[in-house]
Every structure is written in C-alpha cells, then in structure tokens.
Amino acid sequence: MIRFVEITVQGLALGSVYALIAIGFVIIYKATGVLSFAQPGLMICGAYFTLYCRTVLGLDFVVAVALAVVLTATLGGLLERIALRPMVGEAVFAAVMVTIGLDTVLRVHVNALLGPQPRRMGDPWGLDRVEAGPFAFFQVNLATIVVTVAVVLAVVAFLTRTRYGLGMRATAFDQETSLAQGIPVGRMFNLSWVIAGALAAIAGAFVGSGGTGVTQATWVIALKALPVIIIGGLDSIGGALLAGAIIGLVEAYTAVYQPGYAPFLGRNFSLVAPYVVMLMVLMVRPYGLFGTPEVERV
Amino acid sequence: MTTGKPADALPRPRRAVRGRPGLRTSYRRDHAIFDTTTKRAWFGLLLGALALAPFLVSTEWVLLLSLVFSASIGAMGLNLISGYAGQISLGHAFFLGLGAYTGILVASPSGARLLGFGYDNVLVLLPLAGLVPALVGAVVAPLATRLRGLYLAVVTLGLVLLGEHLFREAVPVTGGVGTGRPGPRPTLFGFEFSSGGEILGVMVGRQQRMYLLALVVLVLLGTAAKNLVRSDVGRSFAAVRDRDIAAAIMGVNLNRTKVLAFAISSFYAGVAGALTASITGFVEPSGYNLLLSILYIAMVIIGGAATIVGSILGAAFITLMPRLVQELPEYLPFISTRATGSFPTVFQLERILYGLFIILFVVFEPRGLYGIWIRVRNYFKAWPFSY
C-alpha cells in the first residue's frame, strides 16, 4: 500500500512532464492547426541548455533553468518564423512534415553535443527523498508536480486574463475573423511556438534531473506526449493535463506491477502501454476525451 | 440500312498520331501507360540497360541498386496509401518488419533457438511475406477509418512503437535485439539466388542474382501499381483523399476503399521488407523503428506524392544519399568519417540532410523530383517558347 502511494506520486510526476509537453503541442495546434512534431527536439534543447548553463557556465540551478527557458522559447519563435511561416495556407500534412524535418535536425545537433555519456544536470535534489510518515517520496517528483501545477496555472491565467492571451484564443477560434479584427495573427503563431518552447524546456529540465541525467535516448520520452494529446483531445488544454496524469499513472503502475502479474506481455511493456491505452480510448471516442469533433464542409 | 462503318469514318489509330503526341484519339489511349512509341522505346531501352547493368558496374553499385529497387516497392506502397488515398501512415516500418520476419519464418530452416518453416521457394516466400502484412493492415484499417488526419498519424505512430516492442520480445522469431537473424535465402525450384555460380558459362554472383530478382519483382509490382492507379479502385482512392464525405455521397464505399488501401500498401511493404532482408542478408529487430518510417515518408515526399515514378525516384535519392555523402569528406575536410569523430560526422550529416531535404522539398517543390522532371520536360517541350 505504501509502495502504491509512492508509485502514484511517481506516476503523477511523470505525467506532469508529459502534460507540460502536451500542453505545448495543444497550444501550437490550437493556434496554427499544425501538429508540431518538433516538441521532442525543443525538449532536448531545453535540457541541453540547462545542462550547459549549469555545468559549463556554473550558474545556479534555478537561474540555469530560467535562462534555458528563455533560450528555448526564442529558438521556438525563430523556428516558427523561418520554417513554418512559409507554410501558412499550405496543406497541414506538409507543415507537419516540416516539423518532423526540424525535429530531426534539432535532435541530431543536440545529441551530437551531448555525446555518448549521460550528462548530469547538477540539480539540487538528485536522488534525495522526503519522508512523510511511512512514505518516502523522491524530491524531484514533488518538485515536478508543484512546478507543473504552477506553470499550468500561469499559462491559463495568461490565456484568460491578458490581452495577448485573448488574441491567441481568438486566433485559435477563427483566424480570418481575428485578422479582420486587427489581431496580428502571425505574432500569435509566433507566441504559440514561444510558449510551447518554454514549456518543453521546463519539461526537459525535469526529465534530465533526478538521477539518470540526459542521454542521447532521452528525447524518446517526449514521444509519449503524443498519446497524451490524442487521449485528451488535440485542442484541449485541460484534456492534456488530465490525460497526462492518466498516462503517467498507467506507465508507473505498469512498470511496477506488469512483470509480476502479466509477464507474457514482454519486458518494458510500460513503454508501449500509453499507446495501447490510446488505441483503446480512440475506439470509443475518435476525437479523444475532450477534443472537438472536426466539422467538414463538403 | 448500312452495315459496318460509314464511309467517312476516321480510322482508329493504334498508335498516337505521328508528330502529335498530345493528341488523344480514344479513351484507351488517354489513360494508357505508354501512349506513344517514343515512350515505349525509351522504356524498353531503360529495361535493357537495367538488365545488363549488373554485369557492367561494380558489385557495390549492384548491391545499392538492388536496395533501391526493393525500397521503391516499399515507397510505392506508402505512396498508394498516403499519396493516392490520403491516409497519413507513419506505420510503414511495422509492415516492412512484418514482411521481413514472415519471409524469414517461411524460408529459414528451423533451428534450435529460432523458428522457421524452410519453404524457401521465392514464389511461396514473397507472396506470403506480402499477404501476412496485408491481413494485418486490413485488420488495423477499421480503426483507421474512424480517424482523420493527425489522429491517424499518431495512431500509426503507436503502431510502429507497438511493432518495435513486438519484434524486440518475439525472440524465437527475430533473434532479439543485438543478435538479429540472417535474412531469407530465396530459391526458384533449385536455382539459388543467394549464392553465386555459373549460368550458361557466365559468372553470375550473389549480388547480381539478387539484383535481377529485385528488378523482376519491381517491374511486376510497379506495373500492378500503375494499373491499380488508373483503375476504378485507384480513382476511388483519389476521391477519398480529396474529399471523403463527397466521395461517400457519390457512392464510393469509404470503409471498403480505406481497408483496400491499407491492405494493398501493407502488401507492398511486406514484399519490400522480405526482399530487402534477402538482399542485405541480415535483419536486426531494432531497425524497424520510427526513423525507417520517416525515411519512407521522405522517399514519397522527395520523389513526388501520388506518382509511381516518384516513388522510384525518391527511393533512389534516399538510398543512394548515404553513399554520396561518404564522398563529401574528400571535398569538405571538416566532416569526419569516424563514428565518434567531431561533429559533423557523415552519419549525423546524413540525418541532418534527410531533415533538411524534407523541409526544402515540401516548401519549394511539393511535387518532388517528379515535379522537377515535369518542369524540365515542359521547358524543352515548349522551347523556344517560354510557355
């Protein structure tokens, strides 16, 4: 039972990382209509920037993360302006392919800079635990959950209470009308990539901290944010949050309990369990739990 | 009452009108694959050159060209489902792997640790290697028919990852990660493709035999694909791609069309996977991953979506690129050739170039290499006029 609660917290922390990346996906999708496969690349960029600022420049961890967030957000904005702006008006599939190309280029560069050894991020919590009665939670898990909740609240506050947030919501609703109202739609596109880059950087910082460090295989974690957005619905931030929690929990429980109860599924089944859950949800709700069904005019 | 044709009826020409290749005089001529004598002649020359090539070029290039042929078959399959039927599929690697392992299962002799059935006749091996993925594709299709666009893309991505997991865990079939398994060794009623020897006094090595096998399979399947595309099935694919609701209103059976698209493209992928495994002689389960799917998508995009010739051009581009990139360090000395050398190594440069070319082609030439060919051809057709 104690173990169960500890694993729950671990699953929620994992789910928070997925939710951060997924919310970035959702924001870009809502604003531009393109599913950006470049998020894994931005996440690993954020992780690398944090690494660099912390270990090479010797900055304090929080400052390093903040600087990495700013850098990755700028990178996201630059990528949108250079590679995605020419694709406005083209078929969505083409823009998605451009993001896949961007992701490939980003990942190759960052993996080359990372090198074959795992790189430590010098985070302040490492493998330390917090004791609370009979439970012992990893500090990094608690930090991840707390920071994610704070960041999501900040994003929601931005979207609902600021003028730029209102502009982004208007652009997500109807691009042409927003343009007619004088909202700078191009700047909204850019802003969506900037926010997504920032979220990916925070996720990357948390993925890299807490024991194992950053390796050349770390980017695969971001791919699991895709089932999260599908289950939550491509255009729902709340759905991404909820689905992130679900997938994180599913993965954590599967990792611990599956080898004992269902060994025929193979080793490391927890890595593909999110996709199985996604397929099951899609059979019942083809647009995810909270996604809006597409209306097609013939 | 007159019988037969009226006196002033135009003769029905069997070939195109001389000097007027664009003048179509019958429906048959309109959608024929080779409608002018020139096209037939050039194609015959091409086939002849390709058939003679293995005896004239070095073994390395024979191997590369055989790989180009088998990759073209896979690219044609992906083009059928993504280019013609409009269903985005990131799951091609899964069907390639299924075909390869079906081929291995059918053809390899059974061993102590690994399963095998030992039927290595190519007429059994290749069709079965295509059929099993086709059945799996037909089973997966109903889920895909309910989904659109990006949801479909992510579901097919999930398929690839599930497939990776399956291939990793099914050790009696795949040999396990890191160990791998030898590819199938096809034969044709005793004639071995996978080892060299003399035929009618001419020395025909292993690579040459595999090359000729790949060429024959490519010509057969390519013709089938071309015919499929100009038939009513092909037209229903295009209708589903353009506006599936409108197609359904017009009477195209959506479910049947999508299931057919998945099944046929998976068949091609399976045959391609088995053929590639036979040519390279070794398969390792971690090779059928997302990167392979993206490579095939790159082949389709770079070659030209919704064209059969484009699949072959794209496959040639992607397959030959690593070989050409290897020549670069001679001219650009800052590129290192060792795997652990300083950035950029040739392997990383390859990956970067894939991504870069995808972006460049999508932004600047959406019709791909085939589109570039069309531009060149039109320039010379219209010369000396500008349009």
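Letters A, B, ... are given to chains in the order of the sequence lines, protein chains preceding strands, and every chain is numbered from 1.
- Judged purely by atom type and a 3.5 angstrom limit, Y151(B) has no side-chain atom pairing as donor or acceptor with the backbone of G288(A).
- Residues in residues 213-224 of chain A take part in these side-chain hydrogen bond (donor to acceptor under 3.5 Å, both in side chains) pairs, two or more places apart or across chains: Y18(A)-K224(A), T215(A)-T218(A), K224(A)-E251(A).
- When all heavy atoms are compared, the tightest approach of L162(B) to L279(A) is CD1-CD1, 3.8 Å.
- For L349(B), no part lies under 4.5 angstrom from a heavy atom of chain A.
- A donor-acceptor contact shorter than 3.5 Å is absent between the side chain of R351(B) and the backbone of T104(A).
- Using a 4.5 Å cut-off between heavy atoms, D103(A) does not touch chain B at all.
- Contact of L161(B) with chain A is made through backbone and side chain together, with heavy-atom distances under 4.5 Å.
- For a residue to count as touching a neighbouring chain, one of its non-hydrogen atoms must lie under 4.5 Å from one of that chain's; by this rule L353(B) does not touch chain A.
- Proximity to chain B (any heavy atom under 4.5 Å) is shown, for I230(A), by both the backbone and the side chain.
- Rounding to the nearest 0.5 Å places CE of M280(A) at 12.5 Å from CG of L143(B).
- Using a 4.5 Å cut-off on side-chain heavy atoms (C-beta onward), L271(A) and H165(B) make no contact.
- Using a 4.5 Å cut-off between heavy atoms, L159(B) does not touch chain A at all.
- In this structure, the portions of L102(A) lying under 4.5 Å from any heavy atom of chain B include both its backbone and its side chain.
- In R85(A), the CZ atom is crowded: over 12 heavy atoms of neighbouring residues, nucleotides or ligands sit closer than 6.0 Å.
- Inspection of non-hydrogen atoms places no residue of residues 236-247 of chain A under 4.5 Å from chain B.
- M87(A) touches chain B through its side chain: at least one heavy atom from C-beta onward sits under 4.5 Å away, while N, CA, C and O do not.
- Counting only heavy atoms from C-beta outward, the side chains of N268(A) and E169(B) never approach each other to under 4.5 Å.
- Around atom CZ of R323(B), more than 12 heavy atoms belonging to other residues, nucleotides or ligands sit under 6.0 Å away.
- The 12-atom threshold is exceeded at OH of Y253(A), counting heavy atoms of other residues, nucleotides or ligands nearer than 6.0 Å.
- Using a 4.5 Å cut-off between non-hydrogen atoms, the part of residues 357-372 of chain B that approaches chain A consists of I358(B), I359(B), V362(B), V363(B).
- Residue contact with chain B, scored on non-hydrogen atoms closer than 4.5 Å, involves the side chain of M278(A) exclusively.
- Contact annotation for residues 21-37 of chain A against chain B (heavy-atom separation below 4.5 Å, listed by residue number): Y29(A), G33(A), L35(A), F37(A).
- Heavy atoms of L290(B) lying under 4.5 Å from chain A belong exclusively to its side chain.
- Of the atoms belonging to V98(A), heavy atoms from both backbone and side chain fall under 4.5 Å from chain B.
- To the nearest 0.5 angstrom, I100(A) atom CD1 is 7.5 Å from I301(B) atom CD1.
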